[in-house]
Amino acid sequence: MVVTRFAPSPTGYLHIGGARTALFNWLLAKKNNGTFILRIEDTDTKRNTPTATQQVINDLRWLGIEWDEGPEVGGPNGPYLQSQRRDIYDKYMKQLLDDKKAYYCFDTPEQLQQMREKAIAKKENFIYPRPNQFTTAEDAEKARTQGHPVTVRFAVDSDEPIVVNDVVRGKVTFAPTEISDFIIKKSDGFPTYNFACVIDDELMKVTHVIRGQEHLMNTPSQQLLQKALGFKTPTYAHMSVTISEGGGKLSKRERPKALRNAIANSSDINLEKLADLGNITAEQVDSFLKGKTTPDMPAIDAMAKHLGIKLPEINIVDFFKSGYLPETMVNFLALLGWNPGNDREIMTIDELITSFDLSRLTKTNSLFDRKKLLAFNTEYIRMLKPEKLLSHFKDYLKTIDSSVISADEKMLEEILKANAGAKTFAGIEQKSRFLFTENDNIQYDEKAVNKVLLKNDGLAILEIVRDKLEAMEQFSSEVIENMLRGLAEEKQLGLGKVAQPLRVAICGNTVSPPIFDSVNMLGRENTLARIDITLKKFAQKNKES
RNA sequence: GGCCCCAUCGUCUAGGUAGGUCUAGGACACCGGGUUUUCAACCCGGCAACAGGGGUUCGAAUCCCCUUGGGGCUACCA
């Protein structure tokens with residue numbers, strides 16, 4: 001039986017790194033008909049936000065990653081929120097204390113910081129100096145009443161090297177002298193990560209732990225804990241890290257950082273206005289610019305939008321908002337530090353599940369290649385079933401503020417069909433807006449007008465096209481195509497000379513979906529109206545010049 | 001600073017665990033051409049890599065060591 005888990009800390013939205021970890025654990029469970037658990041590690045009362053858990057849940061669901069045990073679905077090993085498991089942790093904590101495998105500490109953070117600095121000055125790793133005599137529960141109680149912080153440390157007791165048997169990296173050996181007595185219970189009574197994780201993995205019968213390389217150094221500590229408590233050690237697989245274009249681990253801090261830089265580089269910034277848009281105070285904006293604090297995501301997004309800056313997508317929801325498909329994300333995520341060992345890249349979920357294997361996890365860090373992601377999305381837009389694409393597109397339109405949302409289902413289907421080569425939904429939406437603009441509200445691109453309408457008899461041809469469109473008995477893409485091609489032939493012109501004036505007339509610029517589809521979707525009435533407006537608007541200008 | 005991990009085209013990678021079949025394969029990007037009603041998409045072709053230095057061996061991308069480079073961790077965060 002294979003049991004895996006994804007154990008996020010609810011500090012914000014699900015980001016690329018977390019999503020990949022979740023996916024790999026999910027794939028392994030699926031492949032082996034095992035169990036996949038979602039466990040929320042909310043032991044950091046300072047950093048957790050109440051909405052984050054729900055956000056993570058939403059994003060996992062959007063990706064299609066469902067859990068067998070966890071929040072909202074329950075399961076035999078709950079509760080699945082660590083904040084609700086404190087009794088359990090306390091029980092094992094007491095056991096370690098009773099066995100003299102752990103002891104109380106009363107240091108203040110400042111004292112610890114001093115010790116640490118001293119160690120660094122001596123070019124040494126900081127090792128906590130264990131007292132000769134372990135403190136008692138009475139000592140702890142006394143210290144507490146006197147206002148000292150009380151923590152519990154695990155007494156690292158090993159004279160042998162600690163060997164982590166990692167699936168990806170093989171045997172990794174740590175000298176016991178390298179591992180300091182670490183805190184397992186914080187002064188606020190919550191367990192630390194290393195402790196809660198070990199207890200829960202054991203109690204939830206987790207067999208395989210796939211996590212980022214950043215946890216490799218935690219593993220010896222966790223193994224020591226497992227040994228002291230008589231627990232089994234699960235199979236560990238520490239994945240390579242995903243690196244960002246700028247170097248370093250891909251981090252959710254990149255978005256606020258990009259915004260901060262953009263604001264710093266812009267000449268005229270209005271703090272009040274920014275604060276207002278983000279629904280925060282000017283002081284908060286100022287503090288953000290100084291790098292002291294970070295506003296929440298809606299505020300960041302609002303400010304970026306106002307300044308016209310595109311922030312790098314980091315969170316799963318960012319990719320959704322940029323018009324990526326969940327299928328794209330899952331497929332691309334799977335290839336971040338894993339591959340099937342052959343030339344296959346575009347793979348369905350089922351294919352991913354059957355070919356997934358821990359032995360094929362990559363050792364090398366991988367850079368997150370946005371261009372390749374875009375190519376994947378283009379591919380998925382082209383090959384996804386129309387019903388599925390439509391359903392995703394509707395979800396997308398709901399989240400962005402777009403006039404396209406007013407389209408009925410049939411129109412949306414046509415739009416998708418006409419945009420088969422698009423890279424993202426954002427591109428499709430942008431190219432379709434003209435369909436939902438008022439006829440007299442088209443924004444004419446000056447360059448397009450000059451090049452297409454005011455030259456080469458553009459307006460004259462447009463007038464002929466207009467009359468032919470009006471005279472057509474049927475109105476469909478096919479009939480429109482025949483008419484335009486026929487006209488081009490008749491006039492001994494390239495189709496472009498005939499089609500481009502029409503294009504500019506209906507959408508204001510030279511870029512649109514295929515012209516036959518565009519005209520058809522817009523409908524005869526609106527098309528004629530727009531042509532008339534165009535002819536009227538630019539005929540005069542033509543004479544002047 | 002200390003500890004740990006990693007090293008093949010610009011990028012992601014196959015090949016490395018059984019050294020010869022690798023004049024190193026694929027994908028993205030890029031360049032050139034084709035198709036074409038615009039932007040795309042699409043089709044064809046091209047460019048492009050075993051970080052450096054020592055070993056081991058008849059033979060090394062593959063094994064060992066060093067150097068260099070990149071990354072992670074070094075919290076009462078996970």
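We name chains A, B, ... by the order of the sequence lines, and we start the count at 1 in each one. Since the model is a prediction, treat every value here as computed from it, not as a measurement.
- Applying the salt bridge (Lys or Arg N to Asp or Glu O under 4.0 Å) criterion to A:R433, with sequence neighbours excluded, gives A:E429.
- For residues 489-501 of chain A, proximity to RNA chain B is found at A:L495, A:G496, A:Q500, defined as any non-hydrogen atom under 4.0 angstrom from a strand atom.
- With hydrogens and angles ignored, a donor-acceptor pair under 3.5 angstrom links the side chain of A:N218 to the base of B:rA78.
- Taking A:D59 as the reference, nothing meets the salt bridge (Lys or Arg N to Asp or Glu O under 4.0 Å) condition, with sequence neighbours excluded.
- A:R169 pairs by the salt bridge (Lys or Arg N to Asp or Glu O under 4.0 Å) definition with nothing, not counting sequence neighbours.
- Distance, A:E117 CD to B:rG1 P: 17 Å, rounded to whole Å.
- Under the ring pair (Phe, Tyr, Trp, His ring centres under 6.0 Å) criterion, A:F182 pairs with A:F154, sequence neighbours left out.
- For A:E245, the salt bridge (Lys or Arg N to Asp or Glu O under 4.0 Å) partners at least two apart in sequence or on another chain are A:R370.
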Under-3.5 Å N/O pairs linking protein and nucleotides 75-77 of chain B:
from: B:rA75; atom 1: OP2; to: A:R116; atom 2: NE; distance (Å): 2.8
from: B:rC76; atom 1: O2; to: A:S187; atom 2: N; distance (Å): 2.5
from: B:rC76; atom 1: O2; to: A:S187; atom 2: OG; distance (Å): 2.6
from: B:rC76; atom 1: N3; to: A:S187; atom 2: OG; distance (Å): 3.0
from: B:rC76; atom 1: N4; to: A:D107; atom 2: O; distance (Å): 2.7
from: B:rC77; atom 1: OP2; to: A:K186; atom 2: NZ; distance (Å): 2.9
from: B:rC77; atom 1: O2'; to: A:D44; atom 2: OD2; distance (Å): 2.9
from: B:rC77; atom 1: O2'; to: A:R47; atom 2: NH2; distance (Å): 3.2
from: B:rC77; atom 1: O2; to: A:R47; atom 2: NH2; distance (Å): 3.2

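- Applying the ring pair (Phe, Tyr, Trp, His ring centres under 6.0 Å) rule to A:Y236 yields the partners A:H238; only residues at least two apart in sequence or on another chain are considered.
- Between the side chains of A:T294 and A:R255, no donor-acceptor pair of N or O atoms lies under 3.5 Å.
- To the nearest whole angstrom, the two C1' atoms, one in B:rG45 and one in B:rC64, are 43 Å apart.
- Pairs passing the salt bridge (charged side-chain N to carboxylate O under 4.0 Å, His left out) check and including a residue from residues 5-16 of chain A, sequence neighbours excluded, read A:R5-A:D201.
- Here A:F134 pairs with A:Y103 under the ring pair (Phe, Tyr, Trp, His ring centres under 6.0 Å) rule; sequence neighbours left out.
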Quick one: which protein N/O atoms are closer than 3.5 Å to N/O atoms of nucleotides 41-47 of chain B? Pair and distance per line, please.
from: B:rA41; atom 1: OP1; to: A:K423; atom 2: NZ; distance (Å): 2.8
from: B:rA41; atom 1: O4'; to: A:G421; atom 2: O; distance (Å): 3.4
from: B:rA41; atom 1: O3'; to: A:R382; atom 2: NH2; distance (Å): 3.1
from: B:rC42; atom 1: OP1; to: A:R382; atom 2: NH2; distance (Å): 2.3

Please enumerate all protein N or O atoms sitting under 3.5 Å from an N or O of nucleotides 5-14 of chain B, with distances to 0.1 Å.
from: B:rC5; atom 1: O2'; to: A:R169; atom 2: NH1; distance (Å): 2.4
from: B:rC12; atom 1: OP1; to: A:L367; atom 2: N; distance (Å): 3.3
from: B:rU13; atom 1: O3'; to: A:N339; atom 2: ND2; distance (Å): 2.8
from: B:rA14; atom 1: OP1; to: A:N339; atom 2: ND2; distance (Å): 2.8
from: B:rA14; atom 1: O3'; to: A:R360; atom 2: NH2; distance (Å): 3.4

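- For A:F24 and A:H208, the distance between ring centers is not under 6.0 angstrom.
- Between the C1' atoms of B:rC65 and B:rA14, the separation comes to 27 Å (whole Å).
- The pair A:E463-A:R466 does not meet the salt-bridge criterion, since no charged nitrogen lies less than 4.0 angstrom from a carboxylate oxygen.
- Of the residues near RNA chain B, A:F174 and A:E41, the one whose nearest nucleotide (by heavy atom distance) lies more toward the 5' end is A:F174.
- Listed candidates were B:rU37, B:rA29, B:rG2. Nearest to the side chain of A:K371 is B:rA29.
- Using a distance-only test at 3.5 Å, with no hydrogens or angles considered, no donor-acceptor pair links the side chain of A:T242 to the main chain of A:F368.
- In this structure, A:F190 has its ring center no closer than 6.0 Å to that of A:F195.
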